[in-house]
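As the structure lists them, so they are numbered: ligands from 1, and atoms in each ligand from 1. Just so you know, these numbers use all the heavy atoms, side chains as well, and skip hydrogens, waters and symmetry mates.
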Amino acid sequence: MSREPNDPIEDLVRRQLEALGEDPARDGLRRTPGRVAKALRFLTQGYGQDPLDLLNDALFDVSYDEMVLVKDIDFFSLCEHHMLPFFGRAHVAYIPNGKIVGLSKIPRLVEMFSRRLQVQERLTTEIAEILESVLRPKGVGVVVEAIHLCMKMRGVEQQNAFAVTSSMRGEFSTDSKTRSEFIELIRQRKESFA
Ligand SMILES: [Zn+2]
């Protein structure tokens, strides 16, 4: 009946549906375990990806030493406490110290860490830590802004709750001018570049 009858996640979802009082055999639910398993594997595929491989593949020696910023990176993750989505935007900046990484790798890095069961605080720190260890930059700043469906949907009555986390390292931590420049650049609307 199902393509992968022995898929353990499919089996679990079928049992979960039963435990919730549903009939997994009814028409609308017959293929649900397969879809859920596929979706869950996609949403957690970051476990099978190594951020070091990603970054080491695109390092360049460059003498540019001003701030590099990639902002408004959309991400979607699952909170590890409820396995419900949290999602929003990440802003990632660093000041090179002889090495830069291809710009397109930064959104990929955010994606890699967000497609795992996460807490927003750890997601923020992991992005900063890996950039710090691979690039050895003068500083790294990461700000993550997110909405958590476990807060919005579960009757916590925090419909507008929006969580902001940050990790500031090197000059982003020691130099308030660098930090303010970073925050200022994040706040600028996209239209200002048009
Ligand atoms: Zn949660």
> In this structure, are over 12 heavy atoms from other groups packed under 6.0 Å from Arg35 atom CZ?
Replying inline: yes
> With Glu145, which of Lys71, Arg89, Arg187 fulfils salt bridge (Lys or Arg N to Asp or Glu O under 4.0 Å)?
Replying inline: Arg187
> Is the Phe75 ring parallel, tilted or perpendicular to the Phe86 ring (thresholds 30°, 60°)?
Replying inline: perpendicular
> Taking the inter-plane angle between the rings of Phe87 and Phe76 on a 0 to 90° scale, is it parallel (under 30°), tilted (30 to 60°) or perpendicular (over 60°)?
Replying inline: parallel
> Taking both backbone and side chain into account, is any N, O or S atom of His81 nearer than 2.8 Å to the Zn ion (ligand 1)?
Replying inline: no
>> Report whether any nitrogen, oxygen or sulfur of His148 sits less than 2.8 Å from the Zn ion (ligand 1) (N, O or S, backbone or side chain).
In response: no
> Restricting to N, O or S atoms of His82, which is nearest to the Zn ion (ligand 1)?
Replying inline: ND1
